[in-house]
Each structure stands twice: as structure tokens, then as C-alpha cells.
Amino acid sequence: MSKLAFITGITGQDGSYLSELLLQKNYKVYGIVRRNSTIYNYARIEHIREKLNLVYGDLTDGSSLQQTIMNIVNSNENFEVLEIYNLGAQSHVAISFETPEYTAMTDALGTLKILECIRTFSKEIMKKIKFYQAGTSEMFGEVLEKPQKETTPFNPVSPYACAKVYAHHITKNYRESYGMFACNGILFNHESPRRGGNFVTMKVVNAVKDISGGELDCLTLGNLDSMRDWGHAKDYVRGMWLMLQQNNPDDYVLATGHTTSVRQFVEMAFMHENVSIVWDGDIGKDSITGKVLVKTDPKYFRPSEVDYLLGDPTKASEKLNWQPEYDLEKLIEEMF
Ligand code: NAP
Ligand code: G4F
């Protein structure tokens, strides 16, 4: 009997690592890919592309989701389980202020569309479907508790976070109303060498490399003082999978339990190239030559900011036996 997985966001950072994990575990892996004017959105899964079953689709297109999930179920008679991982999203917080409607349609209503597809199946089929929703620590927003755990109230401060709060609650609602096996992950920031170049960690690592290579003079950032709990995506996709292997569906925080400022991350990244940074306010200089290597620009600041994220992964540790294998030093090393 076959184990099936359907991944939205399969071309993204997490989708690519999750696909690798599930292929190793002998799942038949399906995914939707967005039509793009270039072919570069396959870059993260190019090495495993032939092993995947990919179709065009979009979270804003309910009929494509319905057809894809129907086809998976109908073409795999007597399957053991179908795990649906909803990782697709407009995932950039700053960009969500510029595209709030699109972010809501994809991140909030896209989730509802998948849950509705699941609901149309008979009870017998529905019992074999498990759903994972990619929730985020951004939902804690202007935090009401430190550290943040599953019971910490949400207080979102961006269109992205508001959309994800809807997705979280609708997932819980379908679990409670229709008895679906549906889990919410509440994942703190996780990075990797496959992280998109416009998230701060990848932007810093790329800039430090370019400055070392003489191709860039200075790194320009926004808020240097926000604190993030940064882990490695490989650890976090293992946690997603573990959530769906439990006897009962539930919601879990995945985090490292350590928090670091953007400023400290910049220092660590430069230290990797043996450059020590001294700060004059928000200007970062090479401690030996005095050359300005870091500055800020208002265009990288957000209309509202999440200042402090620190996760408490105790529940995941106790119930899923999940522990991250990477710390921040090891993550930065791998990103370089
Ligand atoms: P990512 O690298 O930005 O990947 C996002 C994926 O979603 C890509 O495959 C993208 O396709 C796809 N996508 C975007 N809009 C879509 C749409 N309208 N229809 C279908 N697919 C769409 O994000 P990630 O870091 O892997 O994160 C995965 C999920 O976890 C996201 O839902 C994110 O919000 C959530 N999350 C991430 C973190 C983190 O720190 N990484 C933390 C908490 C939660 P293209 O490749 O075509 O753009
Ligand atoms: O790397 P970031 O853009 O990640 P952010 O906003 O924390 O969101 C990421 O993690 C969330 C989980 O908490 C995910 F849900 C979400 O999908 C995404 O993966 O920014 C991190 C911090 C922010 O405080 C930002 O203001 O870095 C600050 N920052 C400073 N300068 C910058 C920059 N962020 C970006 N992207 N670019 C800058 O130049």
C-alpha cells in the first residue's frame, strides 16, 4: 500500500527539503508548480525533479487544487495515507504590505480551498488524509509573552501574519468540526543555503561574500535590532512530518529556543570571513581599516515590525521527540 504526499510550495525552500525527506521514506510525492515566465522556479528541486509528480497549479485557483487532489486519490487505489503539506505562500513579510490582497488570497483562502477539497471526500477516504498547515511565529507579532509557545495569544502586525492567523484558525476549525486530521505548525524562522535571497540571513551571507570578493562595497539593511529565533529548514521539515505521524492531530511550535538580533547575525557573518565589525550607531565598520561595511536605508524598514521572537519548543520535544540538530553557527557555516 502506497504512502502519498501532496506538497504546495514544493519549489520553495521547505518544499524542496521536505520532498527529499519523503522520497527517502518511499513516499510517492506530488506537487503543484506555478506557471512562471522563466524556468528558474525549479532550481531547488532540479536534482530530484524526475522522481516527483508535478502539475501546474496555484493556491488561488480552487479548481486546479480540486482536480489535482482528486486525481491523486483516484489514481492510487487502496493507498495507505495521503499527507497534504500546505507550504505554498506569499511568504515575505515586507512584500505582504505591498500585496496584501494577493497575500490573503494565497495564504488565507488558499488554505481554506484545500480544506474544502478534503471535505468533499467520503468519510472513508477522509480518514486516510492528513493535513499540515505551515503556520508561523509571525502570528505572535507584537508578542504578548516571552518565550512564545502554543498557548501564547496571537497578535499579528502584518498582512502576511493576519492571513496566516486565518489559516491557523480555519485549520483548527475544520479539525474540530469535521474530525479531520489537520495540524498547525507554528514555525520560527528557518533558513538554509536554499533560502530566498531577499530574506535577511541570505542577503547578509551573500553580501559578506561579495564584499570579501571585492564585488560589493557595503551591505544595506533595515532594522538591525529585531530579534529572531533562527533554525535550519532541514530540522523543521522533519518536525512537520513527525506531526503527521502522531495518533492525534495537534498544533506545535518548532523553534531552537535561542534568539539573536539581526545586528549580531551580521557580526557573526563577517566574523566568518575574519572581519570584526564595530558599530557607530547603525553604521558598521571594519574594526581594523575603519571602512564602512554596513549601513541602513529607510526603504528596508517595515510599516510595523515584529521586534522579538523566541520560541519554546518543549511540546514538540516531549511529544514528537523533535530536537533541532543545527545551531546558528553551524547554519551560518552551511549557508556560506
Ligand atoms: P518560500 O521559499 O518562499 O516558498 C514558498 C513556496 O510557495 C514556493 O514554492 C512558491 O512558488 C509557492 N507559492 C507562492 N505563491 C503561491 C501560490 N499562489 N500558489 C501556489 N504556490 C505558491 O517559503 P519557505 O521558506 O519554503 O516557507 C514554506 C512555508 O512555511 C510558507 O507557507 C511560509 O509562509 C511558512 N513559514 C516559513 C518560515 C521560514 O522561516 N522559512 C517560518 C514559518 C512559516 P514559486 O517557487 O513559484 O515562487
Ligand atoms: O528575513 P526576514 O525577512 O524574515 P521575517 O520577516 O522574520 O519572516 C520570515 O520568518 C517568518 C517566521 O517568523 C516566516 F513566517 C516568514 O515567511 C519569513 O520566512 O526578516 C527578519 C528580520 C526582520 O525584523 C526585518 O525587518 O530582519 C529585518 N531586516 C533588516 N534588514 C531585514 C532587512 N529583512 C529583510 N528581508 N531585508 C533586509 O534588508
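Remember, it's 1-based here, ligands and their atoms both numbered in the order they're listed. No experiment lies behind these values; they were computed from the predicted model shown.
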Protein heavy-atom partner closest to [atom] - residue, atom, separation in Å:
| atom | value |
| --- | --- |
| atom 27 (O) of ligand 1 | D14 OD2, 3.7 Å |
| atom 23 (C) of ligand 2 | R228 NH2, 3.5 Å |
| atom 2 (O) of ligand 1 | Q13 N, 3.0 Å |
| atom 10 (C) of ligand 1 | T11 OG1, 4.0 Å |
| atom 48 (O) of ligand 1 | R34 NH2, 2.8 Å |
| atom 32 (C) of ligand 2 | V200 CG2, 3.5 Å |
| atom 30 (O) of ligand 1 | A134 CB, 3.5 Å |
| atom 6 (C) of ligand 1 | G9 CA, 3.6 Å |
| atom 31 (C) of ligand 1 | L87 O, 3.1 Å |
| atom 5 (C) of ligand 1 | A89 O, 3.7 Å |

| field | Residue selection (non-hydrogen contact nearest atom 8 (O) of ligand 2) among N223, D297, T136, V93 | value | V93

| message | For atom 2 (P) of ligand 2, tell me which residue out of E305, K203, R302 has the closest non-hydrogen atom. | response | R302

Taking [Y]'s backbone N and O only, do any of them form a donor-acceptor pair with [X]'s side chain (distance below 3.5 Å, no angle check)?
| X | Y | answer |
| --- | --- | --- |
| E305 | F301 | no |
| K295 | G284 | no |
| N36 | I39 | no |
| Q148 | L310 | yes |
| Q13 | H190 | yes |

Near [X], which atoms of ligand 1 are under 4.0 Å from a heavy atom of that residue?
| X | answer |
| --- | --- |
| N41 | 46 (O), 47 (O) |
| N189 | 40 (O) |
| L187 | 42 (C), 43 (C) |

[X] N/O to ligand 1 N/O under 3.5 Å:
| X | result |
| --- | --- |
| G12 | yes |
| G57 | no |
| I32 | no |
| S91 | yes |
| G15 | no |
| N86 | no |
| E191 | no |

At a 4.0 Å threshold, what atoms of ligand 2 neighbour a non-hydrogen atom of [X]?
| X | answer |
| --- | --- |
| G222 | 30 (C), 31 (N), 33 (C), 39 (O) |
| S226 | 22 (C), 23 (C), 24 (O), 28 (C) |
| S137 | 12 (C), 13 (O) |
| L309 | 13 (O) |
| S91 | 16 (C), 17 (O), 18 (C) |
| Y300 | 39 (O) |

Test: [X] and [Y] ion pair at under 4.0 Å:
| X | Y | answer |
| --- | --- | --- |
| E267 | R263 | no |
| K149 | E145 | yes |
| E333 | K330 | no |
| E138 | R228 | yes |
| E20 | R194 | yes |
| E116 | K113 | no |
| K315 | D251 | no |

Using side-chain heavy atoms (C-beta onward) and a distance below 4.5 Å, is [X] in contact with [Y]?
| X | Y | result |
| --- | --- | --- |
| I277 | L293 | yes |
| D225 | D307 | no |
| V292 | C218 | yes |
| F131 | T171 | yes |

Any [X] heavy atom less than 4.0 Å from ligand 1:
| X | answer |
| --- | --- |
| T8 | no |
| S137 | no |
| Y102 | yes |
| R195 | yes |

| Should the pair W322 and Y236 be assigned to parallel (<30°), tilted (30 to 60°) or perpendicular (>60°) ring geometry? | perpendicular

| said: Using 30° and 60° as the class boundaries, would you call the ring planes of F336 and H272 parallel, tilted or perpendicular? | reply: parallel

Below 4.0 Å, non-hydrogen atoms only: which portion of [X] touches ligand 1? Side chain, backbone, both or neither.
| X | value |
| --- | --- |
| Y160 | side chain |
| E138 | neither |
| H190 | both |
| T106 | side chain |

| request: Applying side chain to side chain donor-acceptor pair (under 3.5 Å), run through Q133 and N86 and close with a yes or a no. | output: CA-CA 5 Å; Q133 166 54 21; N86 183 32; 2.8 Å; yes

Does [X] come within less than 4.0 Å of ligand 2, judged by its heavy atoms?
| X | answer |
| --- | --- |
| Y160 | yes |
| R195 | yes |
| H190 | no |

| Candidate list N76, V73, N53, test side chain to side chain contact (heavy atoms under 4.5 Å, CB included), partner L4, passing option |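 Testing L4 for a side chain to side chain contact (heavy atoms under 4.5 Å, CB included) against N76, V73, N53 leaves exactly one candidate, N76.
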
| task | Give me the one residue out of T111, T68, L59 that meets side chain to side chain contact (heavy atoms under 4.5 Å, CB included) with T8. | result | L59

| message | Pair E142, Y308 - check side chain to side chain donor-acceptor pair (under 3.5 Å), show working. | response | CA-CA 8 Å; E142 196 180 333; Y308 184 91; over 6 Å; no

